[in-house]
Each structure stands twice: as structure tokens, then as C-alpha cells.
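What follows is a single structure, written as C-alpha cells, with notes after it.
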Amino acid sequence: MQYNFKTIEAKWQKHWAANQTFKAENNSTKPKYYVLDMFPYPSGAGLHVGHPLGYIASDIYARYKRHTGFNVLHPMGYDSFGLPAEQYAIQTGQHPAITTTHNIARYREQLDKIGFSFDWSREVKTSEPNYYKWTQWIFGQLFNSWYDVKNNKAANINDLLVLLKTQGNIGLQAVCDEDTPLLTPAQFNQLSDSEVQQFLLHYRMTYLANSRVNWCPNLGTVLSNDEVKDGLSERGGHPVEQRLMRQWSMRISAYSERLLTGLDNLDWTESIKEIQRYWIGKSKGASLKFNVIDAPNKEVIEVFTTRPDTVFGVSFVTLSPEHELLQSIVPSAHRAAVNEYATIAKNRTERERMTNVKHVSGVFTGAYVQHPFTGQAIPVWVGDYVLAGYGTGAVMAVPAHDSRDYAFAQHFNLPITEVILGGDITAEAYEAKEGTLINSDFLNGLDVKKATDKIITEIEQRQLGKGKINYRLRDAIFSRQRYWGEPIPVEFDAQGMPTLLPNDKLPLVLPEIDKYLPTETGEPPLARAENWNYDTNTMPGWAGSSWYFFRYMDSQNANEFASKEALNYWKEVDLYIGGSEHATGHLLYARFWTKFLFDRGFVGIEEPFKKLINQGMIQGRSNFVYRIKNTNTFVSYNLREQHDITALNVDVNIVRNDVLDIDAFRKWLPEYANAEFMLEEDKYVCGVEVEKMSKSKWNVVSPDDICAQYGADTLRLYEMFLGPLELAKPWNTNGIEGVLRFLKKLWRLVYDQNDLLLLTNETPTPAEYKALHKCIKKVTEDIERFSFNTSVSSFMICVNELNELKCNKKEIVQQLSILLSPYAPHIAEELWSVCGNATSIATARFPVFNESYLVENSFAYPISINGKMRMNLDIALGIDKEEIEKIVLANADVLKQIAGKELKKIIVVPGKIVNIVVG
RNA sequence: GCUCGGGUGGUGGAAUAGGUAGACACGCAGGACUUAAAAUCCUGUGCCGUAACAGGCGUGCGGGUUCGAUUCCCGCCCCGAGUACCA
């Protein structure tokens with residue numbers, strides 16, 4: 001009998017489940033280790049072979065850590081609220097909860113087949129009330145908090161209330177909305193209850209405000225910045241436009257600096273850190289005020305600039321089309337033109353705006369401002385290249401030293417004044433931050449650095465503005481006009497002021513509704529629910545996933561989101577594996593919420609994910625057949641150019657090593673039942689292309705099929721064998737046979753063809769020990785640096801060598817089983833048990849490398865001549881350079897090689913190489 | 001445009017501290033076993049060259065440092081990802 005993976009894998013999966021082999025303990029004397037996979041959304045399509053890549057890697061590491069004496073937390077669950085289930089509900093009327101339950105069951109079934117060591121007793125689902133109760137609770141904590149700049153942390157809103165009552169908010173160091181009114185304590189104390197509530201919204205960590213949002217009409221909801229890609233919704237690819245709406249937002253911008261500096265101590269790939277840094281977008285500069293000339297109400301335009309040193313080069317000021325001063329400062333003669341321009345610019349979709357970036361447009365407002373240093377009159381323009389959402393929505397235009405201002409000035413024939421030497425401003429803007437200042441009054445002759453320092457000092461002394469740091473990170477819109485999400489636990493009073501639902505009323509359970517669509521009046525779906533007196537918005541997808549890693553620590557706790565003891569024991573995630581697509585969404589929001597919970601004393605750590613690895617995406621590998629036009633005849637790949645053909649995607653599951661299974665093809669689709677073929681060398685060869693893995697391209701490979709055909713252990717090994725974890729690579733089933741062959745060879749060390757047990761208790765030979773310990777050394781090093789692909793090679797080498805040695809010593813097999821167990825746990829358990837062990841291999845001590853088995857007394861030195869390897873010479877180790885040199889130069893073959901040439905130099909690196917330099 | 005990855009045989013990839021380039025596997029070719037196929041096993045396989053050796057070339061391209069470079073430095077080309085009027 002042969003290696004029967006089906007029986008073995010089913011047997012051990014059942015055994016692990018029945019014995020709760022991988023249950024993690026919250027009380028343990030062992031050191032803890034927390035290995036986490038990114039939260040999956042259970043989609044209707046199920047898992048394809050690309051999804052488990054990261055799960056396999058994390059499972060290998062989790063199993064390895066158990067072997068080395070750690071108490072390992074390795075949980076799994078589902079981010080089960082979301083758009084697809086709701087879109088499906090809209091189409092079919094089926095409740096999203098039913099769809100979700102069904103999809104989760106399917107995921108679970110697929111995951112179970114791969115043999116992961118998850119602790120399923122801790123499973124969580126974000127759409128279940130006992131989970132989202134705590135998501136709502138965290139929302140409440142954010143609502144009841146403000147950001148205290150003085151102590152640089154979030155604090156209880158009641159502390160703020162005391163400060164406002166006693167000191168007002170003039171000079172108060174707190175993060176708040178730009179338009180927060182300034183009040184003395186007396187003024188504040190005169191506010192009505194409702195006005196106090198309105199006022200506090202300027203400070204709450206989650207707040208209601210009229211914000212400019214990304215509105216997606218097709219999805220009927222707003223989206224956050226990270227949910228919009230290229231001006232289209234990330235889910236579904238629908239157009240997005242800008243709208244002003246009253247929405248819940250999260251004051252993540254309060255954490256900009258901490259989110260930025262926190263990155264420095266994280267063991268993440270530099271690329272993800274860079275993406276986050278870029279997204280946070282810190283820039284240093286100054287704000288500067290320009291007084292409007294003849295202003296009706298003494299209006300002042302404030303700009304933000306990173307180049308205050310170029311202030312003497314300002315030749316105009318540009319406002320964004322949304323700028324509020326456009327209403328008041330534009331003289332009547334210009335009003336119509338300005339309004340027309342602003343209206344058109346504002347109503348463009350994000351996508352239109354982005355595709356028109358190169359196109360310069362704008363209008364002169366008719367207004368002028370006074371240059372703060374020269375007193376000159378400077379024209380004010382409106383232009384769509386200025387964004388309302390960044391800085392102050394207004395720029396001081398210095399065309400000589402900014403390419404956008406330059407393009408604008410060229411287009412409208414505005415003056416360009418050079419103030420820094422170094423470029424050729426007749427050709428293009430000189431943007432480099434180096435050179436000497438000219439045409440700049442008291443800055444003349446200084447370099448950029450000195451001029452910047454000096455001008456900021458001047459600006460602050462003359463009270464024209466101040467040095468300022470600006471962040472690109474915007475507050476995150478938190479309301480979604482959708483059904484399938486966490487209800488926001490808030491009621492409104494008659495004035496529209498929000499009141500938080502008390503904790504003892506949580507969870508606020510999602511109500512039943514008749515249809516999953518907005519109401520006729522355009523209100524969100526929740527407005528359809530009877531007696532629903534709460535907010536009709538729901539939370540975004542990122543709410544539940546921003547804290548789930550804490551819930552796993554104590555997932556069944558009914559009184560707290562997790563107990564202090566559990567939080568204290570598990571602390572943070574030690575290893576987090578997932579895709580880089582979460583760089584600006586999940587990974588940023590989860591850090592934000594963790595820092596917030598830390599500030600408020602609910603958790604003891606400030607960064608949730610100590611080490612992060614991004615697995616590369618697995619792309620699809622499509623196969624093609626070539627049909628001669630208007631026929632049912634298919635030509636093989638290399639004959640296709642002789643015919644007029646159409647390339648058609650063919651199901652990759654009926655293609656093997658790019659050769660089509662013709663019978664299967666005829667049975668595949670009815671129209672191919674009578675297909676004719678033109679073969680090459682009796683085979684039909686298919687074409688190949690790398691594309692995204694998707695149903696429509698017929699290139700989806702399911703892990704279930706692979707498990708059925710080759711086994712889970714083979715799948716696990718093969719996914720790792722494919723290449724480095726972080727690299728994107730196309731899935732290609734070609735080659736999987738090699739891995740299965742390896743497992744069969746391993747099996748044959750233990751059983752012969754007649755299924756007779758070959759194991760002996762004899763002491764292994766030095767050669768056998770050597771093969772094993774070479775492998776122990778390599779695999780241990782590989783796991784520690786997450787190089788799983790190279791481990792698989794080492795296993796193959798080891799088994800090849802043991803095969804050659806005809807080794808069937810129990811001691812060797814036993815050790816090798818543990819070594820292999822993280823990668824191929826089923827066969828490892830089986831062999832371990834065959835060796836006579838009654839307990840699971842899961843916590844068996846990982847083999848320790850013993851150098852003495854690898855000690856050699858000679859080494860085959862590569863002998864190079866002028867850097868080219870010519871031969872190997874076996875020379876004893878442990879002798880000195882001079883002696884090696886003598887041996888080499890006495891060798892007849894060496895002498896032959898260098899005959900007739902002058903020996904210039906000989907380099908000997910003991911144990912490595914000899915290089916002879918001749919001339 | 002900017003930022004970050006990456007370019008090695010027919011293919012996936014290896015080379016961890018500058019020291020034998022191509023480990024391991026697929027594929028391919030030849031052979032053994034078999035009536036046959038599958039499975040299994042053995043041999044070969046970077047390219048040019050040769051009967052076989054010898055020899056030459058070779059890690060995207062061009063230069064440099066070095067006894068020695070896939071690895072370090074400079075300049076380019078190509079592919080992928082992120083981002084995009086952020087003042």
C-alpha cells in the first residue's frame with residue numbers, strides 16, 4: 001500500500017478537533033506568542049488557492065512556536081459585515097445574515113481541510129450582537145473622549161467640560177474642528193444644554209459634522225478615502241463624487257504624529273511603513289495671512305506654504321473653488337463668472353477631476369490682497385488645482401519655484417519672479433530646496449535653509465502667521481448609509497443633538513426591515529425599521545476589524561471586551577500576516593483605535609502588531625485554446641499562427657502541464673462536444689497568460705480540489721515551495737507532483753511496497769545523523785527568517801539522502817517528523833504515532849542542531865585562476881594558509897593550468913576558496 | 001511625476017557575511033520494469049562549441065571598486081505595486 005493522504009489527513013483533523021489540541025490557555029507558565037492572520041471577509045466565491053498562502057505561513061510559524069515551548073494563540077474568525085452580502089440581499093431579497101452564515105460555513109469547511117492549527121473556541125464574527133456590542137461600546141468611549149494636546153493623549157470628555165466651564169477654550173490645548181468658536185468661561189456657561197452638546201461635538205473623538213464626503217450614488221453610501229481608488233469605489237468600481245453631508249467622523253488626525261513616529265519601532269516591511277508615512281503626509285511650513293484690499297469685512301486669506309522662503313516671489317494667490325471667502329470678497333462685476341466656474345468645478349466627480357489634472361483652469365476673482373512684506377497688491381484667483389481639503393484651501397502662488405503655479409501663471413500670463421538662483425525659470429519652475437535668495441529684501445544672499453528659518457521668525461514676530469506642521473491624513477468618515485453593519489448606538493433629541501445609548505442598553509441590535517434599499521425620501525435602509533429612534537446610519541467595514549485582535553484574547557467574555565488578565569497576558573500580536581492592500585485602511589485604523597484604547601487605559605499596549613509580513617498576491621495563470629474562426633476546430637499553440645483564430649479561456653482544471661485533456665474538454669461545455677483538434681506531436685498545447693484569478697477567466701483553482709487530488713500536506717508544502725512568501729507569483733499547478741513525490745519517498749523510509757513497517761531501533765550511522773542535522777540547521781534558520789520555500793528544498797534533500805543511505809532508523813524518522821510537522825502536520829503526526837508516541841506531535845520538542853555531526857576533516861577547495869573556478873582540490877581542514885598554498889602549488893593539475901605564466905599572487909581563504917592570480 | 005519592490009536556464013526558484021552561479025523541483029530527452037499504460041527507478045539537461053574532451057560566453061544594459069561581484073558603488077533600460085495638482 002502507498003502513502004494514503006486521504007485517510008491520514010481525515011484521521012488527524014478529526015483527532016485534533018476532538019482533543020482541542022490547539023486550544024490556547026489564558027493561564028500558562030509558558031511564554032506567550034500571538035500569531036494572527038488578517039481577518040477574512042467570507043465572500044460567496046469561497047477560498048481560492050491564493051487565499052491560504054498567508055494562513056499556511058502563519059500556521060507553520062505557530063506550530064513551530066508550540067514545538068519550541070510557547071503558549072501560542074492562533075485564532076481565526078470572520079469580518080462578516082459588508083457590502084457584497086447586502087448587494088446580494090438587494091438583488092434576491094435574502095437576508096444578508098443568511099448569506100453570511102452560509103458563506104462562513106463554506107469557508108470553515110475549506111479551512112478545515114487544510115489542517116490549520118486554529119483555536120476555534122475563540123472564533124469571532126463581527127456581525128454577531130455579542131461581538132458588535134463591544135464595537136458599539138468602543139464607539140461610545142470615543143464619543144465620550146477628546147484629545148488633550150497638553151498631555152498628548154485622549155481623555156474623558158468630562159475633564160474637558162470642567163476646563164470649559166472654568167477657563168473657556170481660548171488658549172485651550174485640544175484637538176478640535178477648524179471652525180470651533182472661541183468662548184470665555186462666562187460665554188460657555190450661558191450656553192443651553194443643546195448648545196453645549198453642539199459645542200462638544202467640536203472636540204469629541206467621534207463627532208457629527210458637515211463634512212465633504214466621497215458619495216457613491218450606485219452604492220448609495222459614503223466611502224472613506226481608503227475605500228476610493230482612482231476616483232472609483234474600491235468595491236464594485238462605481239463613480240464617486242464630493243458632497244457635503246452631516247456625518248459621523250473619527251478624529252484620527254489627532255493621532256497623526258503618533259501614528260507616524262510609532263512606525264519607527266515596528267518590525268514591518270519598509271514599503272508598508274512608507275505607504276503609511278505617505279498617507280499621513282507630514283509637511284513643515286508656515287501659515288501666512290494676506291489682507292484683502294478694500295474688503296467689506298476686513299477679510300483675511302490664510303495660506304499654508306512649505307516654502308515660506310519664497311514669499312517674495314508671490315505673484316498671485318489662488319483659492320479652491322469651495323473656499324468660503326469666495327462669497328464675500330468677489331466684487332459684483334466678477335461674481336457671475338466666479339460662481340459659474342466654482343459650480344462647475346465643485347460638481348465634477350473625483351474621477352473627472354483626476355483625469356483632468358494636466359488641464360489648467362481658473363478665473364480671476366477681481367479681488368486683491370496685500371503682500372504682507374512688500375505691501376504690493378496681489379491678484380486673487382480661483383483654480384481647481386487648489387484642494388479645499390488640504391491646508392487652508394488657499395495657496396500663495398510662487399510660479400518661479402512651484403510647477404503647478406508655474407503652469408497656471410504661463411496659462412494666464414501672470415508674472416514669474418525668480419527668488420532663488422539655481423534654475424532656468426524661462427523653461428520650468430525651479431523647485432529644488434537649494435540655492436541663494438535674490439529679489440527678496442532682507443533674505444537676499446541667504447541659502448534656502450537659513451532663509452526659511454529667518455522668514456518664519458519674521459512672520460511670527462510681525463504676527464502675520466506662524467510656523468506650522470500640516471498633515472494630509474484626514475479624519476475618517478464613519479457613517480455608512482447601509483443596512484449590513486453595526487448600528488450606531490445614538491438617539492437624537494428635538495434639536496438633532498446626539499445622545500449616546502447607555503452601556504446597559506447595548507447591544508443595539510440591527511432591526512429587521514422589509515427591503516434593503518434606501519427609503520423613497522432617500523434615507524438609509526434603517527429608516528424603514530419600525531420604532532427605530534436611533535441613528536439610521538451604520539458603521540463602516542473597518543469598525544469591527546479595528547479591534548478584533550483583542551477580542552480573540554477573551555472572545556466569550558460577556559462583561560468586558562476582554563478581561564484585564566487576558567489583555568495583560570497576550571498584550572499585542574507578535575506576528576501578523578496579511579496582504580499589503582490594507583496598508584492605508586485596516587492597518588492604520590487598528591493602530592488608531594489601539595492608541596485610543598491605550599490612552600483611556602483599556603489596554604496596555606500602544607501598537608497592536610509588532611511584526612508584520614505581507615504575503616505576495618497569488619495571481620491566476622490562464623490557459624487558452626485557439627479556435628479557427630467560424631469552425632469547431634481547435635489548433636494547438638504552436639500552430640495557431642497558420643490560422644485565423646480566436647483565443648478562448650479554457651478551464652485550467654482540465655489542463656495539465658499546459659496540455660489539454662481533450663476528453664475532458666469535450667465534456668466541459670456542450671458546444672465543444674464535437675470539437676476537432678489539430679495537434680502537435682499528438683498533444684494539444686495550450687497558451688498561457690498571467691491574469692487576476694477570477695471565475696470569468698476560468699483560472700480559479702480551489703484548495704478543495706488540490707486537497708482531494710494531492711492532499712493538504714502537499715498543498716501546504718507546494719504553496720510554500722512556490723517561492724518567497726512576500727513575492728507576488730502566479731499559481732501554477734505544474735510542479736505540485738514533485739512535492740507529492742517527496743512525501744511518498746518519505747513514506748517509503750517507513751513502509752515498504754507491501755505496507756510492511758521498516759522501522760528499526762538501531763543506532764543511526766554518522767552519515768544518517770549528518771543528513772538529519774544538516775536539515776535541522778537549515779530548517780531552523782529558515783523558519784526564523786520566514787524563508788519557508790527553502791525549507792521545503794532542505795526536506796527534499798534530506799529525504800533523498802536518507803533514501804540513498806537506505807535509512808529506516810526510528811530515531812531519525814522521529815526527529816525528521818517533528819522538523820516537518822509545521823509544514824506537513826498530518827503525515828508528521830502519522831509517522832510520529834507509528835514511531836510509538838501516544839501524545840500529539842504538536843508540542844514535541846523541536847530538534848536541536850548538533851554541530852558535531854557536521855564536522856568534516858577535509859574540504860574540496862575550489863581552485864580559481866584569475867577568479868575563474870578551474871577545479872576542486874581536497875585539502876585537510878585546520879591547516880594554515882601557507883601549507884594550503886604549498887599543497888595547491890605542488891599539484892600537477894594546477895601547475896599545468898598556470899604553466900608558462902607568471903605567478904603574481906595567491907589568495908587563500910581557509911575553508912572557502914583559493915584564487916591564483918597569474919599574468 | 002514621485003515612492004517602494006523586482007529583473008538569474010524552457011519554467012518556479014536557490015546562493016543567509018564579496019568567495020564553486022543555477023541548489024531543490026517542474027518540464028524535456030534517453031533508458032529500466034510492463035503485453036501496454038499508470039506508478040516507480042536510473043541517466044542527462046544554462047548557452048555556444050566538441051565524436052568526446054578542451055575552450056569560450058553567461059545573473060536586464062553600460063561603467064567602476066576588488067585577487068574575486070547575482071551580491072558593493074555610479075549611470076541607464078524594462079516590469080510590478082502604491083500614490084497622485086497635498087502648496
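The basis for the numbers below is simple: all heavy atoms, side chains too, and nothing from hydrogens, waters or symmetry mates. All values derive from a computational prediction rather than experimental measurement. So that the names make sense, note that chain A is the first sequence line, chain B the second, and so on, each numbered from 1.
Less than 4.0 Å separates RNA chain B from no heavy atom of any residue of residues 577-587 of chain A.
Side-chain contact check for A:M720 versus A:I60: some heavy-atom pair is nearer than 4.5 Å.
Among the protein residues, A:K745 comes within range of the sugar-phosphate backbone only, with heavy atoms under 4.0 Å from sugar or phosphate atoms but none that close to a base. Residue contacts shown for A:I907 include a base, since a base heavy atom lies under 4.0 Å away. Note on A:P724: only backbone sugar-phosphate atoms sit closer than 4.0 angstrom, heavy atoms only; bases stay farther off. Using a 4.0 Å heavy-atom cutoff across all strands shown, A:R870 reaches sugar-phosphate atoms only and no base atom. Counting any heavy atom pair closer than 4.0 Å across all strands shown, A:N470 reaches no nucleic acid atom.
Here A:F742 and A:W747 keep their ring centres 6.0 angstrom or further from each other. Centroid-to-centroid, the aromatic rings of A:Y385 and A:F408 come within less than 6.0 Å.
Salt-bridge annotation for A:E801 and A:K774: present, with a side-chain N of the basic residue lying under 4.0 Å from a carboxylate O of the acidic one. The pair A:D267-A:K273 does not count as a salt bridge, with every side-chain nitrogen at least 4.0 angstrom from each carboxylate oxygen.
Distance, A:L715 CG to B:A25 P: 20 Å, rounded to whole Å.
Judged by the 6.0 Å distance and 45° axis criteria, A:R472 is positioned over the aromatic ring of A:Y278.
A gap of 38 Å separates the P atoms of B:C72 and B:U50, to the nearest Å. Rounded to the nearest Å, the gap between the C1' atom of B:A14 and that of B:A23 is 5 Å.
For A:R741, taking side-chain heavy atoms from C-beta onward, the closest of the listed nucleotides B:A87, B:U40, B:G1 is B:U40. Nearest nucleotide to the side chain of A:T305, out of B:A87, B:A25, B:G82: B:A87.
Remark: side-chain polar atoms of A:N214 are paired, donor with acceptor, to backbone N or O of A:L223 under 3.5 angstrom.
Side-chain to base pairing of A:K273 with B:U3: no donor and acceptor N or O lie closer than 3.5 Å to each other.
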